[in-house]
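Written below as structure tokens is the structure these notes are about.
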Amino acid sequence: MMAEISFQSKLHTQKTYFPNLKKHYEMLFALLSGILLLIGWLLEHYLDHSVWYIYLAAYLIGGYAKAKEGWEETIHQKRLNVELLMILAAIGAACIGYWQEGATLIFIFALSGALESYATQRTSNALSELIAYKPATARLVVNGIETVVPVEQLNINDVIRIKPGERVSADGHIIQGETTVDQSTITGESIPVFCQSGAQVMAGTMNIDGSILVQVDKKSHETLFSRILKMVETAQAEKVPSQQFIEKIEPHYVKGVLVFTAFMLILPPFIFGWAWDVTFYRAMILLVVSSPCALVASTMPAVLSAIAFGARQGILVKGGMPLEQFAKIRALAFDKTGTLTVGKPEVTALALRPEINRERFLSHVAAIEHESTHPLATAIVDFAAREYQTAERPTVQSIRTQPGFGVTGRIDNISYTIGKAGWINQEKINAFHQMIATPPFAQESLVYVAVDDEVIGCIALKDQIRTDAQTAITALQKNGMATVMLTGDNKQTAEAIAKKAGVTEALSNCLPENKVQHLKHLQKRYGKVAMIGDGVNDTPALATADLGIAMGGGTDAALETADIVLVKNDLKQLVNILRFSRKMNRIIKQNIIFSLGMIAFLIINTFLGDLSLPLGVIGHEGSTILVILNGLRLLRG
């Protein structure tokens with residue numbers, strides 16, 4: 001029995017310890033190399049003779065990871081790299097008897113590489129934390145029988161059970177039971193939400209206190225949670241233009257350094273009268289200090305840190321390029337419904353011709369609008385349901401939707417046209433208003449209902465401005481950014497909402513194609529323009545803009561098209577994006593200027609003869625560590 005326990009204990013140790021060893025082996029090897037370097041220095045100090053074999057051990061242990069990395073990149077990718085330069089410099093130092101200096105080079109180079117790996121690991125934590133919340137299995141219920149299956153096997157309309165304390169396995173809606181759901185993993189909102197039959201729940205959120213049955217609405221790869229994971233993965237793989245440029249010139253730069261070092265090995269004895277051993281020593285110093293390690297590390301840690309910070313704040317950026325570009329945006333175009341407004345309009349008034357029956361009118365209009373997914377249509381259907389709960393919905397025929405305008409349908413051989421003013425004869429609208437003698441609606445969106453080209457009714461709806469919209473817009477304008485609202489509403493309604501939200505300009509009566517044209521005009525006026533929206537009709541504009549931003553509660557099409565997603569639907573996060581976009585660009589510039597300046601300084605001192613190999617190593621690798629640490633500052637925002 002004891003032997004069995006001991007064996008299980010060993011298995012547990014292997015499972016927990018060795019993954020950590022693999023994860024941190026670069027740092028462990030670097031530190032072990034440093035310990036050997038210290039031991040070698042102490043022994044030489046007290047024994048007064050070389051202990052090159054200890055330094056050789058430091059070479060092999062500390063240089064293994066970087067030598068392997070440099071060799072594989074050179075062989076497989078046919079690409080010269082900085083790792084190759086550093087290994088050659090260390091070998092060259094050993095060849096002329098400078099074992100201690102070469103071991104110092106290996107130690108600091110290995111340490112800086114381990115720190116860079118640590119920086120990358122830290123910035124990958126946002127993805128790791130999200131993956132930890134991803135459900136692997138689901139309780140599938142079929143004919144009352146419950147079976148645990150992988151979430152990938154779930155299909156739309158399947159029914160799953162979520163018990164208290166379990167994570168929701170798929171996006172869907174509750175069909176039985178009620179509970180409280182912690183949605184902080186998706187929305188960042190710390191206050192749990194009470195959900196009952198009909199409420200939507202999202203994969204990855206936590207079911208707190210009730211057992212519920214959920215009907216699946218989306219397959220596992222289509223859930224909001226899966227899209228978020230994909231966005232973060234894509235973001236971490238994409239490189240900013242400055243990083244792409246550095247990686248493009250790196251092999252050419254390394255070739256130049258090797259050629260320059262070759263001349264340095266041959267010419268100085270003839271030109272400057274240097275001894276051959278001095279020439280070789282300074283050539284090795286030149287090989288070290290000319291290496292662009294700091295330059296290579298000047299961008300990626302900063303970009304990944306900024307992306308990781310954004311993910312923790314509920315801002316998903318699809319790569320470093322959109323984040324770098326945001327600081328260059330000069331105008332931001334807002335969609336109205338669902339972006340500047342909450343996206344849940346309510347009916348505020350109903351005007352009908354005197355002879356029209358109110359109940360029959362609402363039942364017919366609601367039946368037709370029920371076939372539409374537009375927020376205004378949903379509001380009308382909900383209003384009719386509240387007004388006449390017992391009314392039966394009539395059968396609708398010949399439904400046709402015209403995006404940006406409205407919908408037509410046929411009930412009891414009567415053809416209805418329901419939509420905005422621009423789709424219905426304006427003279428008929430004017431005649432209707434004169435007949436009902438109602439004052440014009442100042443801030444409402446108006447939906448007209450016509451039968452045989454005669455307007456029989458008008459429905460006024462109003463959406464609420466987001467509480468954070470005005471604050472965000474004011475802050476963006478203070479930072480020099482113009483704000484424009486694009487909406488399909490009429491001019492009077494658009495101007496009223498624009499005034500309340502505080503945007504610089506309002507463009508009304510916008511169809512999807514109009515939004516694209518307006519964006520192109522804005523780009524000519526301002527230069528770089530971003531677009532923020534949430535609906536399918538916003539996707540052409542999101543794609544046309546220099547930068548597309550989607551609200552997290554928006555449609556799949558908008559989320560896929562956008563470069564940045566505001567998971568929490570919080571417009572104030574736009575100001576945060578602008579702030580750390582500028583900070584990221586500033587840090588990258590600081591790193592590039594500092595690393596180039598340090599390389600120039602060390603090369604000049606090499607030729608002046610004032611620089612020893614240990615000082616060259618410290619200056620070169622120290623600058624690399626500094627730019628990495630400078631980039632990691634963005635983890636704090």
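Numbering of residues begins at 1 and proceeds along the displayed sequence.
When the options His433, Gln434, Gln426 are evaluated for a side chain to side chain donor-acceptor pair (under 3.5 Å) with Asn430, the one that passes is Gln426. The one candidate from Lys219, Met202, Gln200 that meets the side chain to side chain contact (heavy atoms under 4.5 Å, CB included) condition with Asp171 is Met202.
Counting heavy atoms from C-beta on, the side chains of Ile174 and Leu213 never come closer than 4.5 Å. The shortest distance between side-chain heavy atoms of Tyr448 and Ile459 does not fall below 4.5 Å. Put simply, the side chain of Met584 reaches to within 4.5 Å of the side chain of Val303, judged on heavy atoms. Met206 has its side chain out of reach of Val181: every pair of non-hydrogen atoms, C-beta onward, lies at least 4.5 Å apart. The side-chain heavy atoms of Ile368 and Ile399, taken from C-beta on, include a pair separated by under 4.5 Å. Counting heavy atoms from C-beta outward, Leu566 and Leu574 have side chains that approach closer than 4.5 Å. Residues Ile315 and Val317 have side chains in contact (heavy-atom distance under 4.5 Å, counting atoms from C-beta outward). Between Leu323 and Phe580, the closest side-chain pair of non-hydrogen atoms falls below 4.5 Å.
The shortest heavy-atom contact between Ala377 and Glu369 is CB-OE1, 3.4 Å. Between Leu446 and Ala460, the shortest heavy-atom contact is CD2-CB, 3.8 Å. Listed here is the closest heavy atom pair of Ala327 and Ser581: N-OG, 3.0 Å. In terms of heavy-atom proximity, Ala170 sits nearest to Leu154 at CB-CD1, 4.0 Å. Here the closest non-hydrogen pair linking Val407 and Trp423 is N-CZ3, 3.3 Å. Taking each heavy atom of Ala475 and Val575 in turn, the nearest pair found is CB-CG2, 3.6 Å.
In this structure, the side chain of Arg410 engages the main chain of Asn413 through a donor-acceptor pair within 3.5 Å. A distance-only check finds no donor-acceptor pair linking the side chain of Thr487 to the backbone of Ser508 [under 3.5 Å]. Looking at Gln464, its side chain never comes within 3.5 Å of a backbone N or O of Pro345 through a donor-acceptor pair. Panel note: side chain Thr339, backbone Lys336; no donor-acceptor pair is recorded below 3.5 Å. Between the Asp412 side chain and the Ile414 main chain, no donor and acceptor come within less than 3.5 Å of each other.
With sequence neighbours left out, the ring pair (Phe, Tyr, Trp, His ring centres under 6.0 Å) criterion links Tyr416 to His364. Take Asp158 and apply the salt bridge (charged side-chain N to carboxylate O under 4.0 Å, His left out) test, not counting sequence neighbours, and it matches no residue. Legend: residues meeting salt bridge (charged side-chain N to carboxylate O under 4.0 Å, His left out) with Arg525, ordered by chain and number and at least two apart, are Glu505. Residues satisfying the side-chain hydrogen bond (donor to acceptor under 3.5 Å, both in side chains) criterion with Thr180, sequence neighbours excluded, are Asp209. Under the rule for a side-chain hydrogen bond (donor to acceptor under 3.5 Å, both in side chains), the partners of His173 that lie at least two apart in sequence or sit in another chain are Asp217. Every residue was checked against the salt bridge (charged side-chain N to carboxylate O under 4.0 Å, His left out) condition with Glu427, not counting sequence neighbours, and none meets it. Under the side-chain hydrogen bond (donor to acceptor under 3.5 Å, both in side chains) criterion, Gln477 pairs with Thr483, Thr504, not counting sequence neighbours. Asn207 is linked by a side-chain hydrogen bond (donor to acceptor under 3.5 Å, both in side chains) to Thr179, counting only residues two or more places apart in sequence or in another chain. Residues passing the ring pair (Phe, Tyr, Trp, His ring centres under 6.0 Å) test with Tyr526, sequence neighbours excluded: none. Residues satisfying the salt bridge (charged side-chain N to carboxylate O under 4.0 Å, His left out) criterion with Lys428, sequence neighbours excluded, are Glu454.
Taken to the nearest 0.5 Å, the OG1 atom of Thr341 stands 11.0 Å off from the NZ atom of Lys500. For the atom pair Leu507 CG and Lys515 NZ, the distance stands at 10.5 Å (nearest 0.5 Å). Atom-to-atom distance recorded for Thr417:OG1 and Asp453:CG is 8.0 Å, nearest 0.5 angstrom. Within the model, atoms CG of Leu376 and CD of Glu346 stand 12.0 Å from one another, a figure rounded to the nearest 0.5 Å. If you take CD on Gln470 and CD1 on Ile465, they are separated by 9.0 Å, rounding to the nearest 0.5 Å. A distance of 6.0 Å separates CG in Leu571 from CZ in Phe334, rounded to the nearest 0.5 Å.
Taking the charged nitrogens against the carboxylate oxygens, Arg466 and Asp468 have no contact shorter than 4.0 Å, which rules out a salt bridge.
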key: side chain to side chain contact (heavy atoms under 4.5 Å, CB included) between Arg353 and Phe432, intermediate numbers included   = CA-CA 8 Å; Arg353 292 171 65 115; Phe432 168 77; 3.9 Å; yes
Derivation and outcome, side chain to side chain contact (heavy atoms under 4.5 Å, CB included), residues Ser169 and Ile162 = CA-CA 8 Å; Ser169 310; Ile162 314 295; 3.9 Å; yes
query = When you look at Val484 and Val503, which way does the side chain to side chain contact (heavy atoms under 4.5 Å, CB included) test go after all the steps?
reply = CA-CA 6 Å; Val484 181; Val503 295; over 6 Å; no
task = Quick one: do Asp335 and Met485 satisfy side chain to side chain contact (heavy atoms under 4.5 Å, CB included)? Show the steps, please.
result = CA-CA 6 Å; Asp335 169 53; Met485 183 183 75; over 6 Å; no
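For the 3.5 Å distance criterion, the side chains of Arg582 and Asn479 qualify, holding a donor opposite an acceptor.
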Please set out all donor-acceptor pairs under 3.5 angstrom arising from side-chain atoms of residues 141-150, sequence neighbours excluded.
unit_1	atom_1	unit_2	atom_2	d
Glu146	OE1	Arg161	NE	2.9
Glu146	OE2	Arg139	NH1	3.1

Side chains of residues 542-550: which donor-acceptor pairs under 3.5 Å do they make with residues two or more places apart or in other chains?
unit_1	atom_1	unit_2	atom_2	d
Thr544	OG1	Pro540	O	2.7
Asp546	OD2	Gln523	NE2	3.2
Asp546	OD2	Val529	N	2.8

